[in-house]
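Inspection log for the structure reproduced underneath, given as structure tokens.
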Amino acid sequence: MEWRVTPPFHNFFRSKQMLGTNIDIFFSTSSFAQTASFWVISGSGNGTTINVIYDSQYSLNVLGNVAYQNDKPTAICRTTDVSGSTPQSLIVIGGVTYYILEVQNEGTGTTTLVLSGKSING
Amino acid sequence: MNAVKTRLQGIVSGSGGYSNNLGTHTYLWRTVPLDNSECPAVVIRDMTDVVEENSEGGNEPLTWHNLEVHFDIVAADNTTMTTLRSCLEDIETAIRVDETWSSNAMQTLPIDNSVYMAQEADIVGGILMRVSIKYRTIKFEAN
């Protein structure tokens with residue numbers, strides 16, 4: 001079981017209001033976004049600088065009879081900025097290195113990257 | 001159950017053949033979620049106490065009990081699965097010190113182990129270890 005609060009931006013980007021809107025204004029560092037370095041393949045060359053909207057929600061992991069307080073960091077990106085990203089990709093946001101667990105293409109010009117502070121298990 | 005908790009509180013890395021400091025994060029029936037600073041940790045629960053029907057003992061009939069105890073081990077570090085297995089070994093070592101829990105029980109038997117894993121910001125894993133502690137009392141005697 002997982003308790004999850006949907007970040008406010010997710011609903012907005014998925015709404016019909018988003019269609020036809022220039023999304024660039026949302027990825028300006030003077031509004032919601034911040035710069036990040038992105039690697040399609042971890043450790044290959046210099047990262048690409050992109051703008052992302054970072055969020056981290058509280059998440060409760062239930063393991064048998066006990067629960068663990070985790071966080072669920074995500075980064076909303078322009079899909080064109082992170083095309084080709086896979087669960088092997090890497091992103092550095094605010095000086096923190098994150099491993100990409102999931103690539104969720106929203107189909108609205110944005111992609112949500114689900115992140116972890118740890119390399120992929122297994 | 002206090003005897004079980006006290007035994008596990010003695011799990012200190014580098015002493016008694018133990019590899020982890022589970023003793024500082026041993027909880028009895030903890031209901032509040034754990035966080036990273038508390039791991040590795042173990043939560044102890046005495047889940048069920050099944051009494052056998054066919055007991056003996058003459059005027060003061062003895063009842064035999066099978067107390068099912070759960071040990072929930074939780075780890076969240078860079079080698080979560082390795083840490084979990086190491087903690088499991090520590091608990092097995094602690095039980096082997098005295099399976100009668102200072103003569104309060106006849107024996108302690110393993111039932112099974114289950115593993116859980118999740119990854120978000122942290123990789124977190126758990127092992128649920130179930131054991132049965134067999135003991136006997138006079139009927140309705142407090143234990």
Side-chain angles (χ1 to χ4, degrees), chain A residues 1-7 10 34 36 42-43 52-77 85-104 111-122, chain B residues 1 5 8 22 25-48 68-85 87-88 91 111-131:
Chain A
M1 183 183 75
E2 177 185 88
W3 294 355
R4 181 188 298 180
V5 178
T6 304
H10 287 61
Q34 58 185 298
S42 159
V52 303
I53 300 169
Y54 174 81
D55 193 17
S56 187
Q57 298 291 319
Y58 175 83
S59 180
L60 196 66
N61 300 142
V62 177
L63 310 153
N65 295 317
V66 296
Y68 178 83
Q69 299 180 60
N70 216 332
D71 293 309
K72 193 180 183 74
T74 57
I76 302 173
C77 318
S85 57
T86 70
Q88 304 301 323
S89 301
L90 199 72
I91 193 166
V92 177
I93 305 171
V96 179
T97 300
Y98 292 99
Y99 299 85
I100 295 173
L101 300 183
E102 298 174 30
V103 181
Q104 299 175 352
T111 291
T112 299
L113 304 177
V114 180
L115 311 174
S116 175
K118 308 292 183 186
S119 60
I120 293 175
N121 187 49
Chain B
M1 288 307 296
K5 182 182 180 184
L8 265 57
L22 269 180
H25 295 296
T26 296
Y27 305 98
L28 193 59
W29 276 102
R30 172 166 167 146
T31 55
V32 176
L34 296 160
D35 70 19
N36 188 279
S37 67
E38 298 173 294
C39 293
V42 59
V43 178
I44 310 164
R45 289 181 173 84
D46 47 332
M47 298 296 285
T48 56
E68 185 174 314
V69 177
H70 291 189
F71 299 101
D72 277 288
I73 310 161
V74 179
D77 57 25
N78 290 326
T79 56
T80 297
M81 199 62 231
T82 303
T83 304
L84 282 176
R85 290 195 175 105
C87 289
L88 180 65
I91 291 175
I111 299 175
D112 58 22
N113 301 329
S114 308
V115 180
Y116 305 86
M117 293 289 284
Q119 180 169 6
E120 290 182 325
D122 292 337
I123 298 174
V124 59
I127 290 182
L128 167 59
M129 175 190 187
R130 300 194 306 157
V131 302

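Lettering follows sequence order; numbering is per chain, from 1.
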> Hey, mind stepping through A:Y68 and B:D122 against side-chain hydrogen bond (donor to acceptor under 3.5 Å, both in side chains) and telling me if it holds?
Replying inline: CA-CA 10 Å; A:Y68 178 83; B:D122 292 337; 2.7 Å; yes
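At least one donor-acceptor pair closer than 3.5 Å links the side chain of B:Q119 to the backbone N or O of A:K118.
Nearest heavy-atom pair across A:Q69 and B:P33 is NE2-O, 3.4 Å. Nearest heavy atom pair, residue B:E120 against residue A:K72, reads OE2-NZ, 3.3 Å.
For B:L28, the side chain to side chain contact (heavy atoms under 4.5 Å, CB included) criterion is met by B:M1, B:N2, B:K5, B:I44, not counting sequence neighbours.
Interface remark: of the candidates A:G64, A:G117, A:S56, A:P73, A:G64 forms the most heavy-atom pairs closer than 4.5 Å to chain B. With chain A as the partner, the residue from B:L128, B:V74, B:D72 showing the most heavy-atom pairs under 4.5 Å is B:D72. Contact count versus chain B (heavy atoms, under 4.5 Å) is highest, among A:N70, A:V114, A:D71, for A:N70.
Both the backbone and the side chain of B:V124 come within less than 4.5 Å of a heavy atom in chain A.
Residue-environment remark: CZ (B:R130) exceeds the threshold of 12 foreign heavy atoms within 6.0 Å.
To the nearest 0.5 Å, atom CG of residue A:N65 and atom CH2 of residue B:W29 are 7.5 Å apart. The CG atom of A:L63 sits 12.0 Å away from atom OG of B:S114, with the distance rounded to the nearest 0.5 Å.
Within the structure, every pair that satisfies the salt bridge (Lys or Arg N to Asp or Glu O under 4.0 Å) test and touches residues 27-37 of chain B, not counting sequence neighbours, is listed here: B:R30-B:E38.
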